[in-house]
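Residues: numbered from 1 along the sequence shown. In listed order, ligands and their atoms are each counted from 1. Keep in mind that what you see is a predicted model, and the values were worked out from it rather than measured.
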Amino acid sequence: MTKERMEQLREQIDEINFKILDLMNERGYLAKEIGVLKKAQGINRYDPVRERKMLDRLIQHNDGPFDNGTIEHIFKEIFKASLELQEIDDHKTLLVSRENKNENTVVRVKGVRIGDEQPQFIFGPCSVESYEQTRAVAKRMKEKGLKLFRGGAFKPRTSPYDFQGLGWEGLKILKEIGEEFNLAIVSEIVHPSHIEKALEYVDVIQIGARNMQNFELLKEAGRVKKPVLLKRGMSATIEEFMLAAEYIVSKGNEEIILCERGIRTYERATRNTLDITSVPILKKETHLPVIVDVTHSTGRRDLLLPASKAALAIGADGIMAEVHPDPAVALSDARQQMDLDQFDSFFEQLISNERN
Ligand code: PEP
Ligand code: MN
């Protein structure tokens, strides 16, 4: 008899569970719809006043056996889950997201396809220091059949007393050398008002780690028809990185190369900590090409090769590294740039590893 009653009660509980489940999901759909309306009106999703009212009304109606605290706790969880549902919906609609566009975006620069099957390589000095210094690296790259040349003309330096770059003079040198060797030029622009003028000099606009959340710069880069190499901010989460890229795409420019360049952690053995799994995460979450800057992430010459191999093995579309004819006298990043011989052996080993 007791056993039978127990089974009956359990059946009723099962039925109620299903009812609660159906009602929860019905509530979820309504919350999603409200989320869409709020977004359209530009209203904040989280509304604590409305939550308080709902809880007060529920408590007024509560006849037990659950006490008010328990009811409040359970419903707060439901409210939280509904809010999360609205947030997930928001992410799906990001223009950079794979949910929005499934096929890979391939960025084309002077006949090179970044984000396609073949990995691509961007090399060059940290800073453009002189015509001769820049040309020496470009020549070595040309001999290897490489196409994408980097060099900083506007340098965002931590100390105002450090070399700030040659500015427009540096961009002129890059343009000249790019024309001589038929190389595509990648160079950082730090001021929104410089973007338009820089189009005459560069093939790819680099936005550096320190400017990843310079929103005016991002918007300006979004308004032009020129590929953008966007570096991850020094302490930026992957989500913040994606949203920075969204700023550019939302203004009409989808030609973006994301660049993982290490993030700041407590670890001091490397200059930054290379967040290697950000590569497959970004590849999965977005349709944009992802490359890894092994120089600024490791800050160590001895790690450039293993870090590059790891990056390509985990799915990166390319590698960036710094090369200088005489790193010891470089005006920036003297400790981490490769000299020309080191560059030869680094590239040779990397390529043979790729072939095997
Ligand atoms: C650079 O690539 O020249 C540079 C300054 O790197 P980051 O912005 O990643 O520090
Ligand atoms: Mn550098």
Check: [X]/[Y] side-chain N/O donor and acceptor closer than 3.5 Å:
X    : Y    : answer
S97  : N100 : no
H191 : E220 : no
Q336 : R301 : no
R98  : N104 : yes
T270 : T298 : no

### Query
Is the closest basic N to carboxylate O distance between R150 and E322 below 4.0 Å?
yes
### Query
In terms of residue, atom name and distance, what is the protein heavy atom nearest to atom 6 (O) of ligand 1?
K231 NZ, 2.9 Å
### Message
Among all protein heavy atoms in this structure, tell me which lies nearest to atom 9 (O) of ligand 1, with the distance rounded to 0.1 Å.
### Response
R261 NE, 2.6 Å
### Summary
The answer for which part of M234 has a heavy atom under 4.0 Å from ligand 1 is neither
### Task
Can you measure from CG (L218) to CD1 (I195) and round to the nearest 0.5 angstrom?
9.0 Å
### Task
Work out whether the distance between some heavy atom of R150 and some atom of ligand 1 is less than 4.0 Å.
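The answer is yes: ligand 1 sits under 4.0 Å from a heavy atom of R150.
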Nearest to the Mn ion (ligand 2), which N, O or S atom of [X] do we find?
X    : answer
E322 : OE2
H296 : NE2
D333 : OD2

### Task
Heavy-atom contacts with G208 under 4.0 Å: which atoms of ligand 1 show up? List them by number with element.
8 (O)
### Atoms of ligand 1 close to Q206 [distance to a heavy atom under 4.0 angstrom, numbered from 1]
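Counting from 1, the qualifying ligand atoms are 1 (C), 2 (O), 3 (O).
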## Note on the structure
Among R271, E322, H296, closest by heavy atom to atom 4 (C) of ligand 1 is H296
### Query
What about F123 and F343, are their ring centers closer than 6.0 Å?
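Judged by ring-centre distance (under 6.0 Å), F123 and F343 do meet the cut-off.
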### Message
Is there a polar contact between ligand 1 and E188, counting only N or O atoms under 3.5 Å apart?
### Response
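No, there is no polar N/O contact under 3.5 Å.
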### Message
If I apply the N/O under 3.5 Å rule, does A209 come out as touching ligand 1?
### Response
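Yes, there is a polar N/O contact under 3.5 Å.
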